[in-house]
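Nothing here was measured: the structure is a model prediction, and the numbers come from that model.
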Amino acid sequence: MINTYVTAKLVSLRRINVCIYSSARDDTHRFYLKKDNNFPREVNILRKVSSNGLSLFALELDQDFEFGHNYELNLSSFSPITIDVSDAPTFPEFDEMFTYNGDDLGAIYSPTKTSFAVWAPMALSVSLKIESDEDNFEIIPMERRDKGVYKLTLKGDYLGKKYHYIVNNYSVTKECNDPYGKGTSLNSTYSVVVDYKSIAAKERVVCPTPLKGYTDHIIYETHIRDFTESKDTDIEHKGTYTGFFEEGRKTTNGKPAGLDYIKYLGVTTVQVQPILDYDNVSDLHHENNYNWGYDPISMFALEGSLSVDPTDPHKRLEEFRDLVDTYHKNDLRIVVDVVYNHVWDHLYNDFEKIVPNYFFRRRNNQYITEHSGCGNDFASERPMARKAIVDSMKYLTETFDVDGFRLDIMGLIDEKTMNEAYEECAKMKPDIIIYGEGWDMNTECKDQMASMYHASELLHLGFFNDTYRDIVKGPIFDNDLTKGGYISGDQSYREGMVYALFGTCILEGGEKFASSTQSINYIECHDNHTLYDKLSFVNEGEDEDTLLKRVSLGNTIVSLSFGVPFFHMGQEIGLSKHGLGNTYNTPKINNMNYQVVEERWKMVESFREANLIRRRTPLYSEKSKEKIRDGLEYDLDHYPLVILSTKNKDVLGNNKDAIFVLNSTNEVQNLDLDDYYSIYYFDGRVINSQESIKHMMVNPLSATIIVK
């Protein structure tokens, strides 16, 4: 009919709203609903409103709408109307009707058959589009099963075959990748069948030294490409998973590089920035573009640009598992940085294409939320969104034997999801470590979110401690980089420094965390400015040697604080990003500079010594704030020094009382002691002197340990 527009939308299981705009007035409409091949049945009109050619009808169904069945809405003088079901995820019954607990989503390969399963509860139909031979595809209908899961099993060997799902959600048909797909073709054009089960079946390599808990970890954050790309090493496969675990590599002048450099630092745990498939980097020509990887495409497939052969979807799985195994052999754990809280644009995401309006968080007015500042927020509180996150973490733990997870903007993920993820992963790996950015993101459902303000309900999680960061180096907000902290020389932070040294879990009436295990102590990470650059803004005009002493003092404080020490790659040698902060897409500037490693090798040795002291000191493993409080006392009476002393022997593991002295001034400070002591740690190295002193001169910008 000319000048006529008709739409029909399912607004509840028993109601359809119809909108008719027509220049030809007709108040006699009758509606008929046909289901599959059944005879059409007239539908009751609950109410009707008409004005100026616009007519709105509320239709009442005599039984619930059944997804997966073919419905046609007919009325006189019109072609059959397709019903829009996109609001179905907002129905109160939806989650109860369709939450699926199976473990078979995705493509599960064996040499004789491959099974495919996709959750598409609103879909009228789903078909598998799969490669039959090179550049040719066949389309095979899938069978709808319980809870809206479509399944298909193909006999034969389909290893390496590309595939898509074609999903018909009544009024809209989309072709997309498998959101549970473990393999992808170049630049994620297709999902690919891979044999991930064979990777998971490999024998585990166990780290020689067990870690009893979170506080035994010393975490070192890296980016695989940034850490291995330098021309100043003999790493062969630069910028790749493989290059990241090459052993025996050296800098130009013979210092350890790559994996061997990390081993030398004395850390226990390596955090790698995102390795799950991300956007904005070409798999084949990654030299033409750069990105850290916080624009996620997949929760399951690995990033191709980091592989030595991105044309082989299975190769990257082998490489990453070999990476983890090699680090385990060298007594190092691997933590992966995962981005579950957002995607850049939900409209292009496979979850959204398959189940519209389900996986992404909305305000009460139904506008999509963007609290991450990086795109659209993932609705983790919905059961199947929660399942995707938990399943992803289980997959990475089981298949690649990773040791933990760092959650990007964890404050946008709900508490129940995070607790469930920990419980499930801990079944496979009891010593798993999970931590994240627990910022309060002020979402519509903020009372449910895994922020640090809910730490008492998330006892198995760690949180990046922004209070610790701001006390030690100074605040970073409001773009004012001139505000300093304790290591900048601001003595107003002396009392706060004690709070920080105790992992901010000991302060009457002001404990931030339930135990020291929840405090991820950091003063630099990949975000924002490097520690060196921050200090150069605060202490403008100061010479480089003095700035580097401040860097070393900050690093020693992190190593020897209670909680979980965390360092960013290059922090140990005071690397600079030339005053830039957010360098997520800036090539080369984030690279590890091995020339500076050689030039500042003394800083590397000092960093190593502090870490080894921590690892040899039993008290640093302690998570109980009561036992920490019983073991140490602080002294602020000797201005401007900050002093911690042991209340009982054997804190250092040598049956000797010890005193830890901090001086963040530019001047030598005199300290009179109540008894004779020997210097144990001085000027960045363990000297274990046998000389007894009762008066000491505390060097500027230093941390010193003396023992009785």
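Between Phe463 and Phe513, the ring planes lie parallel to each other; the angle is under 30°, not in the 30° to 60° tilted range. Using a 30° and 60° split on the angle between ring planes, Tyr358 and Trp119 fall in the perpendicular class, above 60°. Ring geometry, Trp292 versus Tyr584: the interplanar angle falls from 30° to 60°, so the pair is classed tilted.
Remark: Phe245 pairs with no residue by the ring pair (Phe, Tyr, Trp, His ring centres under 6.0 Å) rule, at least two apart or across chains. Evaluation of the salt bridge (Lys or Arg N to Asp or Glu O under 4.0 Å) rule for Asp104 yields Lys151 as partners, not counting sequence neighbours. Every residue two or more places apart in sequence or in another chain that forms a ring pair (Phe, Tyr, Trp, His ring centres under 6.0 Å) with His164 is listed here: Tyr190. Residues satisfying the side chain to side chain donor-acceptor pair (under 3.5 Å) test with Tyr180, not counting sequence neighbours, are Asp391. Residues meeting the side chain to side chain donor-acceptor pair (under 3.5 Å) test with Glu138, sequence neighbours left out: none. Residues forming a salt bridge (Lys or Arg N to Asp or Glu O under 4.0 Å) with Lys129 (at least two apart in sequence, or on another chain): Glu175. The salt bridge (Lys or Arg N to Asp or Glu O under 4.0 Å) search around Glu423 returns none, not counting sequence neighbours. Here His568 pairs with Glu524 under the side chain to side chain donor-acceptor pair (under 3.5 Å) rule; sequence neighbours left out. Under the rule for a ring pair (Phe, Tyr, Trp, His ring centres under 6.0 Å), Tyr158 has no partner lying at least two apart in sequence or in another chain. Residues passing the ring pair (Phe, Tyr, Trp, His ring centres under 6.0 Å) test with Phe566, sequence neighbours excluded: Phe464. Remark: Arg361 engages Glu381 in a salt bridge (Lys or Arg N to Asp or Glu O under 4.0 Å) (not counting sequence neighbours). Every residue two or more places apart in sequence or in another chain was checked for a side chain to side chain donor-acceptor pair (under 3.5 Å) with Asn593, and none qualifies.
Between the side chain of Glu246 and the backbone N or O of His237, at least one donor-acceptor pair lies under 3.5 Å. Listed for the Asp195 side chain is no donor-acceptor partner under 3.5 Å among the backbone atoms of Leu159. Of the possible donor and acceptor atoms, one in the side chain of Asn341 sits under 3.5 Å from a partner among the backbone N and O of Asp408. Although no hydrogens or angles enter the test, the distance criterion places no donor-acceptor pair under 3.5 Å between the side chain of Asn187 and the main chain of Thr189. No donor-acceptor pair under 3.5 Å is formed between the side chain of Arg333 and the backbone N or O of Asp403. Ser372 contributes no side-chain N or O that, together with a main-chain N or O of His342, makes up a donor-acceptor pair within less than 3.5 Å. Looking only at distances, a side-chain donor or acceptor of Asn177 sits under 3.5 Å from a matching main-chain atom of Ser188.
Judged purely by distance below 3.5 Å, without hydrogens or angles, the side chains of Asp216 and Ser621 pair a donor atom with an acceptor atom. Using modelled atom types and a 3.5 Å distance limit, the side chains of Tyr294 and Asp337 yield a donor-acceptor pair.
In plain terms, the two heavy atoms of Ser559 and Pro565 that are nearest each other are CA-CB, 4.3 Å. Contact record, Leu461 with Gln518: O-CG, 3.2 Å, taken as the closest heavy-atom pair.
Here Tyr395 and Phe400 bring their ring centres to under 6.0 angstrom of each other. Taking the six-membered ring for Trp and the full ring otherwise, the centers of Phe360 and Phe351 sit at least 6.0 Å from each other.
For the side chain to side chain contact (heavy atoms under 4.5 Å, CB included) with Phe320, the qualifying choice from Thr399, Leu306, Leu302, Thr242 is Leu302, the only one to do so.
We find the CD-CG distance between Glu437 and Asp527 to be 6.0 Å, quoted to the nearest 0.5 Å. Considering CG of Leu259 and OH of Tyr327, their distance stands at 4.5 Å, rounded to 0.5 Å.
Counting heavy atoms of neighbouring residues, nucleotides and ligands inside a 6.0 Å radius, atom NZ of Lys238 exceeds 12 of them.
Contact check on Lys429 versus Asp431 returns no salt bridge, with no Lys/Arg side-chain nitrogen under 4.0 Å from an Asp/Glu carboxylate oxygen. Of the charged side-chain nitrogens involved, none lies within less than 4.0 Å of a carboxylate oxygen, so that Glu605 and Arg608 do not count as a salt-bridged pair. Between Asp232 and Lys255, no side-chain nitrogen of the basic residue sits less than 4.0 Å from a carboxylate oxygen of the acidic one, so the salt-bridge criterion is not met. Between Glu303 and Arg225, none of the side-chain N atoms (NZ, or NE/NH1/NH2) sits under 4.0 Å from a carboxylate O, so this pair counts as no salt bridge.
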For this session: Show the numbers, then the answer: is there a salt bridge (charged side-chain N to carboxylate O under 4.0 Å, His left out) between Lys329 and Asp331?
Result: CA-CA 5 Å; Lys329 182 185 75 174; Asp331 209 16; over 6 Å; no
